[in-house]
Participant: 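If you scroll down you'll find the structure; I have some questions about it.
Just so it is clear, the structure is predicted and the values come from calculations on it, not from any experiment. In what follows, every heavy atom counts, from backbone to side chain, and hydrogens, waters and symmetry copies are set aside.
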Amino acid sequence: MKNLQSTTALSSGYSMPWLGLGVYKVQEGQEVIDSVKAAISHGYRSIDTAALYGNEEGVGQAVRESGVPREDLFITTKVWNSDQGYDSTLAAFEKSINKLGMDYVDLYLVHWPVMGKYKDTWRALEKLQKDGKVRSIGVSNFQVHHLEDLMKDAQVKPAVNQVELHPLLSQIELREYCKSQGIQVEAWAPLAQGHLLDNEVLADIGAKYGKSIVQVILRWDIQSGIVTIPKSVKEHRIIENADIFDFELMPADMEQINGLNQNHRFGGDPDNVNF
């Protein structure tokens, strides 16, 4: 974990950067193009989008204009709930890959565990991986019981489980289960949608290292073995978010941050989402 190009090995045999740029709610067009190009120019190599976000075209354009070879980047997108099912997932992927303007994506995720559909969706992802259109396949917002159910019939284990995860929702049980199964955990909303930016515990820890609350949280992520994808459209924030590789949180500070957990979600509950 020395710099922005530092990676974790996935069960698929590919590697994934520890820190990337998320583009949820980043507007299609110039806003997403500018933010992705800024991130890549400052050393980011991982970009996370989704069909739902409506900005895959801009992400693809930014990648082409970045000057960085496609093979040096790690691009994630996701199949949305209304497209789940075997044939509909394959069709949705074709739409996504055409919008991105790419030959393959590095990681394709099932966005939410839509009951009665996610197993057929997963079979489609397995085919896409087998056909070389996707290098790694994974899930998002899956709880332990969803993973157990999926893997009863799966030929390929998910390489990644991307979930809401931050110091107020540290997902210990899920993380331990994923670790035991060789599934890499990735955090969305790592900054708790801004709800931690005035937290005194995090501010005090940051002061010791000359770092911001945001930098402390993101450092806690990667030191905990969690891939993280903070979102920003401001270039100075994109740079600041990545400035976490020149310090290490002491064990006592890690414990203090772990102690902030309240099992509090700001996003949807995977067991109670109205799909």
Participant: With a 3.5 Å distance limit and no angle check, can you tell me whether R175 reaches the backbone of S170 through a side-chain donor-acceptor pair?
Facilitator: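 Yes; at least one donor-acceptor contact below 3.5 Å.
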
Participant: Between OG of S15 and CZ of R135, what distance do you get to the nearest 0.5 Å?
Facilitator: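 Reported to 0.5 Å precision, the distance equals 11.0 Å.
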
Participant: Hey, could you give me each pair passing salt bridge (charged side-chain N to carboxylate O under 4.0 Å, His left out) that has a residue in residues 48-73? Not counting sequence neighbours.
Facilitator: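 Non-adjacent pairs meeting salt bridge (charged side-chain N to carboxylate O under 4.0 Å, His left out): K37-E65, D48-K78, R70-D106.
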
Participant: Do T228 and E186 have a side chain donor and acceptor closer than 3.5 Å?
Facilitator: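 Looking only at side-chain atoms, E186 and T228 do not form any donor-acceptor pair under 3.5 Å.
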
Participant: Between F266 and H166, how do the two ring planes meet: parallel, tilted or perpendicular, split at 30° and 60°?
Facilitator: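 Ring orientation, 0 to 90° scale: tilted.
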
Participant: Is the shortest distance from a Lys or Arg side-chain nitrogen in R237 or E240 to a carboxylate oxygen in the other one below 4.0 Å?
Facilitator: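 Salt bridge: yes.
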
Participant: Could you go through T49 and T76, starting from their C-alpha distance and side-chain angles, then the distance that decides it, and tell me whether this counts as side chain to side chain contact (heavy atoms under 4.5 Å, CB included)?
Facilitator: CA-CA 6 Å; T49 184; T76 301; over 6 Å; no

Participant: Which heavy-atom pair separates T8 from Q184 by the least distance, and what is that distance?
Facilitator: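 Heavy atoms of T8 and Q184 come nearest at OG1-OE1, 3.2 Å.
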
Participant: Does one hydrophobic cluster hold both Y24 and V32, with members joined at side-chain heavy-atom distances below 4.5 Å?
Facilitator: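 Yes, Y24 connects to V32 through the hydrophobic network.
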
Participant: Measure from NZ or CZ of R45 to the centre of the six-membered ring of F74 and say whether it is under 6.0 Å with the direction within 45° of the ring axis.
Facilitator: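 Negative - R45 is either too far from the ring of F74 or too far off its axis.
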
Participant: Does any N or O in the side chain of Q262 come within less than 3.5 Å of the main-chain N or O of L168, such that one atom is a donor and the other an acceptor?
Facilitator: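 Here the side-chain-to-backbone pair does not exist.
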
Participant: Taking all non-hydrogen atoms of both residues, which atom of A39 and which atom of I238 are closest, and how far apart?
Facilitator: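 Closest heavy-atom pair between A39 and I238: CA-CG2, 3.7 Å.
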
Participant: Side chain to side chain donor-acceptor pair (under 3.5 Å), that's the test. Do W18 and D221 meet it? Break it down for me.
Facilitator: CA-CA 9 Å; W18 283 106; D221 276 335; over 6 Å; no

Participant: Contact between Y53 and V59 at the side-chain level, heavy atoms closer than 4.5 Å - yes or no?
Facilitator: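 No, side chains not in contact.
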
Participant: Looking only at atom types and distance, does a side-chain atom of T121 sit under 3.5 Å from a main-chain N or O of G85, one as donor and one as acceptor?
Facilitator: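 Confirmed, T121 side chain pairs with G85 backbone.
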
Participant: Any side-chain to backbone donor/acceptor pair from W80 onto L52? Under 3.5 Å, distance only.
Facilitator: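 No, W80 side chain to L52 backbone: no donor-acceptor pair under 3.5 Å.
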
Participant: A side-chain contact here means heavy atoms from C-beta on lying under 4.5 Å apart; do L125 and V134 qualify?
Facilitator: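 No, too far: nothing below the 4.5 Å cut-off.
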
Participant: How many angstroms lie between CG in L197 and OG in S212, if you round to the nearest 0.5 Å?
Facilitator: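 Between atom CG of L197 and atom OG of S212 there are 9.0 Å.
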
Participant: Between L107 and I137, is there a side-chain heavy-atom distance shorter than 4.5 Å?
Facilitator: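 SC-SC contact between I137 and L107 ruled out.
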
Participant: Around F247, counting heavy atoms of other residues, nucleotides and ligands shown, do more than 12 lie under 6.0 Å from its CZ?
Facilitator: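 Enclosed.
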
Participant: Atom OG1 in T77, atom CG in L109: separation rounded to 0.5 Å?
Facilitator: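 Atom-to-atom, T77:OG1 and L109:CG are 8.5 Å apart.
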
Participant: Would you say that more than 12 heavy atoms from the other residues, nucleotides or ligands in this model lie under 6.0 Å from the CG of D131, or not?
Facilitator: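 Yes, enclosed.
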
Participant: Does a donor on one side chain and an acceptor on the other come within less than 3.5 Å for Q215 and R219?
Facilitator: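 Short answer, no.
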
Participant: Under the 3.5 angstrom rule, does the side chain of S88 hit a backbone N or O of D83 as a donor-acceptor pair?
Facilitator: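 Judged by distance alone, yes, a pair lies under 3.5 Å.
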
Participant: For L174 and I172, run side chain to side chain contact (heavy atoms under 4.5 Å, CB included): C-alpha distance rounded to whole Å, both residues' side-chain angles, the deciding distance at 0.1 Å, then the answer.
Facilitator: CA-CA 6 Å; L174 180 62; I172 294 293; over 6 Å; no

Participant: Show the numbers, then the answer: is there a side chain to side chain donor-acceptor pair (under 3.5 Å) between N261 and N263?
Facilitator: CA-CA 6 Å; N261 180 50; N263 295 322; 3.1 Å; yes

Participant: Considering residues, nucleotides and ligands other than E126, do more than 12 of their heavy atoms fall under 6.0 Å from its CD?
Facilitator: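 More than 12 within 6.0 Å, yes.
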
Participant: Regarding H146 and E148, is there a side-chain donor-to-acceptor distance under 3.5 Å anywhere?
Facilitator: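 Their side chains do not contain a donor-acceptor pair, so the 3.5 Å distance test is not met.
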
Participant: Report yes if some heavy atom in the side chain of L249 is under 4.5 Å from a heavy atom in the side chain of I257; otherwise report no.
Facilitator: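 Answer yes - side chains close enough.
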
Participant: For V23, does its backbone N or O pair with a side-chain atom of N55 as donor and acceptor, under 3.5 Å?
Facilitator: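 Looks like yes, one N/O pair under 3.5 Å.
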
Participant: Once you round to the nearest 0.5 Å, how far does CG of L100 lie from CD1 of I47?
Facilitator: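 L100 atom CG to I47 atom CD1 measures 11.5 Å (nearest 0.5 Å).
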
Participant: Are V139 and Q162 close enough that some pair of their side-chain heavy atoms sits under 4.5 Å apart?
Facilitator: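 No; the side chains remain at least 4.5 Å from each other.
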
Participant: Can any side-chain N or O of S66 pair as donor or acceptor with the backbone N or O of V68 at less than 3.5 Å?
Facilitator: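 Yes, because the side chain of S66 sits within donor-acceptor range (under 3.5 Å) of the backbone of V68.
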
Participant: Which atom pair, heavy atoms only, marks the closest approach of S12 to Q129?
Facilitator: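 Scanning both residues, the minimum pair turns out to be CB-NE2, 4.0 Å.
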
Participant: Which heavy atom in A50 sits nearest to a heavy atom in H111, and how many Å separate them?
Facilitator: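 Closest pair (atom of A50, atom of H111, distance): CB-CE1, 3.7 Å.
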
Participant: Any chance the side chains of N241 and D243 put a donor and an acceptor closer than 3.5 Å?
Facilitator: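 Distance-only check fails for N241 and D243.
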
Participant: Would you indicate whether the side-chain heavy atoms of L218 and P230 approach each other to under 4.5 Å?
Facilitator: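 Touching, per the 4.5 Å side-chain cut-off.
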
Participant: Flag the pair K119 and D149 as a salt bridge only when some basic side-chain nitrogen lies within less than 4.0 angstrom of an acidic carboxylate oxygen.
Facilitator: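 Salt bridge: yes.
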
Participant: Does any pair with a residue in residues 2-27 pass salt bridge (charged side-chain N to carboxylate O under 4.0 Å, His left out), and if so which ones, sequence neighbours excluded?
Facilitator: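 Non-adjacent pairs meeting salt bridge (charged side-chain N to carboxylate O under 4.0 Å, His left out): zero.
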
Participant: Of the non-hydrogen atoms in S232 and L21, which two are nearest, and what is the gap between them?
Facilitator: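 Reported closest heavy-atom pair: O-CD1, 3.9 Å.
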
Participant: Using a 3.5 Å distance criterion without hydrogens, assess whether the side chain of E164 forms a donor-acceptor pair with backbone atoms of L169.
Facilitator: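 Checking the backbone N and O of L169 against the side chain of E164, no donor-acceptor pair under 3.5 Å is found.
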
Participant: Are the side chains of P113 and N141 in touch, meaning some heavy atoms are under 4.5 Å apart?
Facilitator: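 Answer yes - side chains close enough.
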
Participant: Just how far is it from atom CH2 of W122 to atom NZ of K157, taken to the nearest 0.5 Å?
Facilitator: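 Those atoms lie 11.5 Å apart.
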
Participant: In terms of heavy-atom contacts, does CE of M1 have more than 12 from other residues, nucleotides or ligands at under 6.0 Å?
Facilitator: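 Check passes, neighbour count above 12.
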
Participant: Between L90 and R123, is any pair of side-chain heavy atoms under 4.5 Å apart?
Facilitator: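 No, too far: nothing below the 4.5 Å cut-off.
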
Participant: Do H145 and D271 pass the side chain to side chain contact (heavy atoms under 4.5 Å, CB included) test, and can you show the C-alpha distance, the side-chain angles, and the key distance before you say yes or no?
Facilitator: CA-CA 10 Å; H145 68 92; D271 288 323; 2.7 Å; yes

Participant: Answer yes or no: is there a donor N or O on one side and an acceptor on the other, between the side chain of Q84 and the main chain of W112, under 3.5 Å?
Facilitator: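 Side chain of Q84 to backbone of W112: a pair is present.
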
Participant: Under the 3.5 angstrom rule, does the side chain of Y44 hit a backbone N or O of L73 as a donor-acceptor pair?
Facilitator: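 No.
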
Participant: To the nearest 0.5 Å, tell me how far S41 OG sits from I239 CD1.
Facilitator: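 Taking OG in S41 and CD1 in I239, the distance rounds to 7.5 Å.
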
Participant: Please answer: with hydrophobic residues joined when any side-chain heavy atoms are less than 4.5 Å apart, are V160 and Y14 in the same cluster?
Facilitator: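 No: no chain of side-chain contacts under 4.5 Å links V160 to Y14.
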
Participant: Which atom names give the shortest non-hydrogen contact between S11 and A159, and what distance separates them?
Facilitator: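 Taking S11 first and A159 second, the nearest heavy atoms are OG-CA, 3.6 Å.
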
Participant: Are Y104 and V36 connected, step by step, through hydrophobic side chains (Ile, Leu, Val, Met, Phe, Trp, Tyr) whose heavy atoms are closer than 4.5 Å?
Facilitator: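 Cluster IDs for Y104 and V36 differ.
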
Participant: Under the side-chain hydrogen bond (donor to acceptor under 3.5 Å, both in side chains) definition, can you give me all pairs with a residue in residues 193-208, not counting sequence neighbours?
Facilitator: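 Those involving residues 193-208 are K208-D253.
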
Participant: Can you check side chain to side chain contact (heavy atoms under 4.5 Å, CB included) on L19 and I229, steps first, answer last?
Facilitator: CA-CA 6 Å; L19 189 135; I229 45 168; over 6 Å; no

Participant: Any idea how Y108 and F93 line up, ring-wise: parallel (<30°), tilted (30 to 60°), or perpendicular (>60°)?
Facilitator: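 Plane angle over 60°, so perpendicular.
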
Participant: Hydrophobic clusters here meaning ILVMFWY residues chained together by side-chain heavy-atom distances under 4.5 Å, can you tell me if Y177 and V156 are in one?
Facilitator: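 Per the 4.5 Å side-chain linkage, Y177 and V156 are co-clustered.
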
